[in-house]
There are 2 protein chains.
Amino acid sequence: MDETPGLRERKKAATRAALHEAALRLAIDQGVDGMTVEAIADAANVSRRTFSNYFSGKEEAIFHGDTVRLRRMLELVRAQPADEQPWTVLTRAALQLAEETYLGNEEWLSRRRLLRGHPSLAAHQVAAFAVVERELAAELAHRLGGDDVALRARVLAAIFLTTMRVAVQDSTEHPERPLLDVVGAALAAAAPA
Amino acid sequence: MDETPGLRERKKAATRAALHEAALRLAIDQGVDGMTVEAIADAANVSRRTFSNYFSGKEEAIFHGDTVRLRRMLELVRAQPADEQPWTVLTRAALQLAEETYLGNEEWLSRRRLLRGHPSLAAHQVAAFAVVERELAAELAHRLGGDDVALRARVLAAIFLTTMRVAVQDSTEHPERPLLDVVGAALAAAAPA
DNA sequence: ACAAAACTTGCCCAGCAGGCAAGTTTGCCG
DNA sequence: CGGCAAACTTGCCTGCTGGGCAAGTTTTGT
C-alpha cells in the first residue's frame with residue numbers, strides 16, 4: 001500500500017480532524033446550541049463555507065471521531081480469518097477497538113461525558129453508528145451460510161453496532177466502570193443463540 | 001378510563017395526524033427536499049408556526065406514524081404477564097403489532113417504498129426507533145433477574161428495536177415477502193442466547 | 001358566567017445548507 | 001521543468017428553518 005496517500009489527502013484529513021477537534025471543544029464549553037458553525041470554522045482556520053464542504057452540520061463534525069473508529073472496526077473485522085464464527089469475529093474486533101481507543105486517548109470518555117444528555121446529540125450518534133451498518137452486513141454475509149443470508153447478516157450487523165453504542169453510552173454514564181468491562185458485558189448479553 | 005380525552009386533546013391529535021398525512025403525501029410526490037414546511041402546514045390548514053409547535057422538522061412529521069406504532073408496541077409489552085421470558089414477550093408484541101399494522105393499513109408498505117433510498121430519511125428513522133429505547137429498557141428491567149440488570153435491559157431493548165427496524169427496512173426492499181415472515185425471521189436471527 | 005390555562009398565529013431574527021463562479025493549490029505527464 | 005487539468009477553498013448569495021415573543025382565540029374547570 002501507499003505509505004503517503006498524497007499531500008492532498010493528508011491535508012484534507014488534517015482539516016477534517018481540526019474541524020472535529022474544534023467542534024468538540026466548542027461544544028463542550030459553549031454548549032452545542034451556543035456555538036455557531038462559523039465559530040468552529042474560525043477555530044480551525046478555515047472559512048465557514050469550507051466547513052460545509054466537510055460536514056453537513058455541527059453534529060456530524062462532533063461525531064466524526066466515532067465515524068473514524070467505526071471504520072477502523074470494519075478493518076478489524078475484515079482482517080480476521082474467514083472461517084471463524086461471526087459473533088466471535090465481532091467480539092474480538094470490539095474488544096480490540098475498545099482497548100486501542102482507550103489507550104490512544106485516555107481523556108476520550110471524560111470529554112464525552114461533558115456532552116451527555118443533550119437531546120439532539122443522541123439521535124445523531126445513533127445515525128453515525130447506522131452509517132456503517134450496510135458495509136458491515138456485506139462483510140458478514142461472506143461469513144454466513146444457510147438460508148436468508150442477506151437478512152441475517154443485516155440483523156447481525158445492526159445488533160452488534162447497536163450493542164456497541166449502548167456500551168459506549170452506558171460507559172459515559174458510569175465512569176467508574178472500565179470501558180472494556182462494559183463492552184464485554186454488553187456483548188455477552190447480546191450474543192445470539 | 002376516560003372515553004373522550006377532552007376536545008382539546010382530540011383536536012391536537014387530529015392536527016398532528018393531518019400534518020403527518022400531509023408530510024407523507026407531499027414527500028412522496030415532491031420529494032423530501034422539494035417540499036417546504038410551509039407547504040405541509042398549508043396542506044393541513046394550519047400556519048407554518050403551528051407546524052413547529054407539533055414537530056421539530058419535516059422528517060419528524062414523516063415518521064410520526066412509526067412513533068405511534070412504537071408507542072403501541074410499548075403498550076403491548078406492558079400488557080403481558082410479568083413472569084414470561086423477556087424475549088418471548090417482545091416477540092409476541094412484535095408479531096401482533098406487525099399484524100395490526102398490516103391489517104389496519106394495507107398500503108402502508110407501498111407508501112413507504114416510495115420514500116426509500118433517501119439518505120437523510122434513514123437517519124431519522126433510526127432516531128425515531130431510538131426514542132422509545134429507554135422506556136422499553138425500563139419496562140424490561142422489571143422482568144430481568146441476575147447481575148447488571150440495567151445494562152442488560154438496555155441492550156435487550158436496543159437489540160429488539162434495531163431488529164424491528166431492520167425487518168421493516170428489509171420489507172420495503174423485498175415487497176414480495178410478507179411482512180410477518182420477515183419480522184419472524186429477523187427476530188429468530190436476533191434471539192439472544 | 002368568568003377567569004385561568006392552553007393553543008394558534010403573525011412577526012421577527014439569526015443561523016444554516018448549499019448553488020455558483022472566481023481564485024488557488026496539487027497532481028500528473030510529456 | 002513547464003504547464004494543463006482536476007481538485008479544493010472562498011466569498012457571495014438565496015430561500016428555508018427553528019424558535020422567542022406577544023396578541024388574539026379556544027377550551028376547561030368551577
Side-chain angles (χ1 to χ4, degrees), chain A residues 1-23 26-27 30-64 118-124 127-128 131, chain B residues 1-23 26-27 30-64 118-124 127-128 131:
Chain A
M1 53 171 77
D2 202 341
E3 195 67 25
T4 54
L7 176 56
R8 181 158 262 155
E9 291 307 313
R10 273 178 289 136
K11 273 196 169 182
K12 277 179 65 169
T15 304
R16 204 175 261 103
L19 285 168
H20 168 56
E21 262 317 303
L26 291 178
Q30 306 190 2
V32 178
D33 301 314
M35 73 178 174
T36 73
V37 168
E38 184 154 22
I40 302 175
D42 282 357
N45 294 313
V46 128
S47 76
R48 192 196 67 80
R49 192 60 186 76
T50 292
F51 176 94
S52 282
N53 293 338
Y54 282 89
F55 298 109
S56 69
K58 18 184 168 179
E59 295 88 352
E60 191 175 318
I62 289 175
F63 286 114
H64 177 241
H118 196 288
S120 105
L121 283 189
H124 282 271
V131 168
Chain B
M1 50 171 77
D2 201 343
E3 194 68 24
T4 54
L7 176 56
R8 179 158 264 153
E9 290 309 312
R10 272 178 290 138
K11 273 194 168 181
K12 278 179 64 170
T15 303
R16 203 175 263 104
L19 285 169
H20 168 57
E21 261 319 302
L26 291 178
Q30 305 191 1
V32 178
D33 301 315
M35 74 178 171
T36 72
V37 169
E38 185 153 20
I40 303 174
D42 281 357
N45 294 311
V46 129
S47 75
R48 189 191 69 83
R49 193 61 186 75
T50 292
F51 176 94
S52 283
N53 293 339
Y54 282 88
F55 298 110
S56 70
K58 16 183 171 181
E59 294 88 353
E60 191 175 319
I62 289 175
F63 286 114
H64 176 241
H118 195 287
S120 105
L121 282 189
H124 281 271
V131 168

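Chain letters run A, B, ... following the sequence lines, proteins first, then strands; residues in each count from 1.
Among the nucleotides C/dT9, C/dA17, D/dG19, the one closest to any side-chain atom of A/Arg48 is C/dA17.
One atom, CG of A/Asn53, and another, P of D/dT10, lie 9 Å apart when rounded to the nearest Å.
Between its opening and closing five pairs, the helix from C/dA1-D/dT30 to C/dG30-D/dC1 changes axis direction by 40°, a value rounded to 10 degrees.
Phosphate proximity of C/dT9 to B/Thr50: present, with a side-chain N or O under 4.0 Å from OP1 or OP2. Of the side-chain N and O atoms in A/Tyr54, one or more sit less than 4.0 angstrom from OP1 or OP2 of D/dT9. Under 4.0 angstrom from either OP1 or OP2 of C/dT9 there lies at least one side-chain N or O belonging to B/Ser47.
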Under 3.5 Å between N/O atoms: give me all the protein pairs with nucleotides 23-25 of chain C, atom names plus distance.
from: C/dT25; atom 1: O2; to: A/Arg8; atom 2: NH2; distance (Å): 3.2

Considering only nitrogen or oxygen atoms on both sides, find all protein atoms under 3.5 Å from nucleotides 20-23 of chain D and state each distance.
from: D/dG20; atom 1: N7; to: B/Arg49; atom 2: NH2; distance (Å): 2.9
from: D/dG20; atom 1: O6; to: B/Arg49; atom 2: NE; distance (Å): 2.5

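For residues 31-41 of chain A, the side-chain hydrogen bond (donor to acceptor under 3.5 Å, both in side chains) pairs, not counting sequence neighbours, are A/Asp33-A/His118.
Applying a 4.0 Å cut-off to non-hydrogen atoms, the residues of residues 30-46 of chain A that approach DNA chain D are A/Val46, listed by residue number. Contacts between residues 56-64 of chain B and DNA chain D, defined by a heavy-atom separation below 4.0 Å, involve B/Ser56, B/Gly57, B/Lys58, listed by number.
Scored by the side chain to side chain contact (heavy atoms under 4.5 Å, CB included) test, B/Arg8 finds no partners at all (sequence neighbours excluded). Scanning for side chain to side chain donor-acceptor pair (under 3.5 Å) contacts around B/Glu21 gives B/Arg111, with sequence neighbours left out. By the side chain to side chain contact (heavy atoms under 4.5 Å, CB included) test, A/Ala14 pairs with no residue at all, sequence neighbours left out.
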Return all side-chain donor-acceptor pairs below 3.5 angstrom for residues 49-56 of chain A, not counting sequence neighbours, or 'none' if the list is empty.
from: A/Arg49; atom 1: NH1; to: A/Asn53; atom 2: OD1; distance (Å): 3.2
from: A/Thr50; atom 1: OG1; to: A/Ser47; atom 2: OG; distance (Å): 3.2
from: A/Ser56; atom 1: OG; to: A/Glu60; atom 2: OE1; distance (Å): 2.6

